[in-house]
Amino acid sequence: MDQARSAADAGGVISVVLVEDDAPTRDFLAASLAAGEGIRLQASVGTLAEARAALEIGRPGVLVTDLKLPDGHGSDLIREVRQRMPETEIMVISVLGDEPSVMQAVRAGASGYILKDARPIDLIAAIHDLTNGRSPISASIARHIIRQTQTAPPALAEEAPPALTPREMDILWGIAKGFTYNDIAARLGISRQTVPSHIKNIYRKLEVNSRSEAVYTAVERRIIKLSD
């Protein structure tokens, strides 16, 4: 299934579930989403329990979630959604920018991670980037991910790399360089609709759940090098 298309309904509108426990922040983000072009706010909730109930009603194209919630951690929700709804894109918006929180969310399956800081968040643009194959990530978050890849554990480094096909390697490089599905298809001369299928095969072989985790794992296992 085409992940970017599956994130939108028949009219090309992206459905979004927002999970944010701070009511003023939730109201602000919900209003921004409701006014966004090509966006339909499916639900705006403040707890894990409410999020799970909303997800039972309908599968969104995008889940936007905070991490620190009153009844648990957002990474648990991310992991559940990634397992049950692999076509749903997941983005974190959080004040938590420490390395353990970042890597926990990425490993759980988040493809985007934006910090709530002094800079305004262009949430609509970030959601469209996410569904077009990019991974919107704040600069400090990207540094955490890169730092994690700089020293691979010896046991992982010595493992034989998974047998990726030449086409899958080309697409993995495209993911690592931040290309959209359209960019990758154009560069490789293939149909855009086939790109997500190749990406799913890459996820399966690398045993990962998201683009960010695929790049992290590929560098960690020395399949690719970010400096190349």
Can you tell me if [X] uses its side chain to pair, donor with acceptor, with the backbone of [Y] under 3.5 Å?
| X | Y | result |
| --- | --- | --- |
| R40 | V13 | no |
| T217 | A214 | no |
| D71 | L48 | yes |
| T25 | D21 | no |
| D129 | A126 | no |

Do you know which two heavy atoms are closest between [X] and [Y], and how far apart they sit?
| X | Y | value |
| --- | --- | --- |
| E168 | A163 | OE1-O, 4.2 Å |
| V102 | Y113 | CA-CE1, 3.7 Å |
| V215 | A176 | CG2-CA, 3.6 Å |
| A108 | R82 | O-CB, 3.8 Å |
| I39 | V16 | CG2-CG2, 3.9 Å |

Heavy-atom distance under 4.5 Å between the side chains of [X] and [Y], does that happen here?
| X | Y | value |
| --- | --- | --- |
| I78 | V92 | yes |
| P24 | F28 | no |
| T165 | K205 | yes |
| I171 | F179 | no |
| E20 | K116 | yes |
| D122 | I124 | yes |

Return the [atom1] to [atom2] distance between [X] and [Y], rounded to the nearest 0.5 Å.
| X | Y | atom1 | atom2 | answer |
| --- | --- | --- | --- | --- |
| I175 | H198 | CD1 | NE2 | 11.0 Å |
| M169 | I223 | CE | CD1 | 7.0 Å |
| L130 | I137 | CG | CD1 | 9.5 Å |
| I93 | T65 | CD1 | OG1 | 9.5 Å |
| H73 | S101 | NE2 | OG | 5.0 Å |
| I14 | L41 | CD1 | CG | 13.0 Å |

Output side-chain donor-acceptor pairs under 3.5 Å for residues 52-64, partner residues at least two apart or in another chain, one line each.
unit_1	atom_1	unit_2	atom_2	d
R52	NE	E80	OE1	3.0
R52	NE	E80	OE2	3.4
R52	NH2	E80	OE2	2.6
E56	OE2	R84	NH2	3.1
R59	NH1	R84	O	3.2
R59	NH1	E87	OE2	3.4
R59	NH2	R84	O	3.4

Please determine whether side-chain contact (heavy atoms from CB on, under 4.5 Å) holds for the pair V45 and V19, giving the CA-CA distance in whole Å, both sets of side-chain angles, and the decisive distance to 0.1 Å. CA-CA 5 Å; V45 299; V19 188; 3.9 Å; yes

Test log, rule side-chain contact (heavy atoms from CB on, under 4.5 Å), inputs R167 and I190: CA-CA 10 Å; R167 177 67 77 211; I190 61 177; 3.7 Å; yes

Evaluation steps, side-chain contact (heavy atoms from CB on, under 4.5 Å), between D170 and R187: CA-CA 10 Å; D170 289 340; R187 286 172 176 269; over 6 Å; no

Between D66 and R26, is there a salt bridge with N-O shorter than 4.0 Å?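 No, R26 and D66 are not salt-bridged.
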
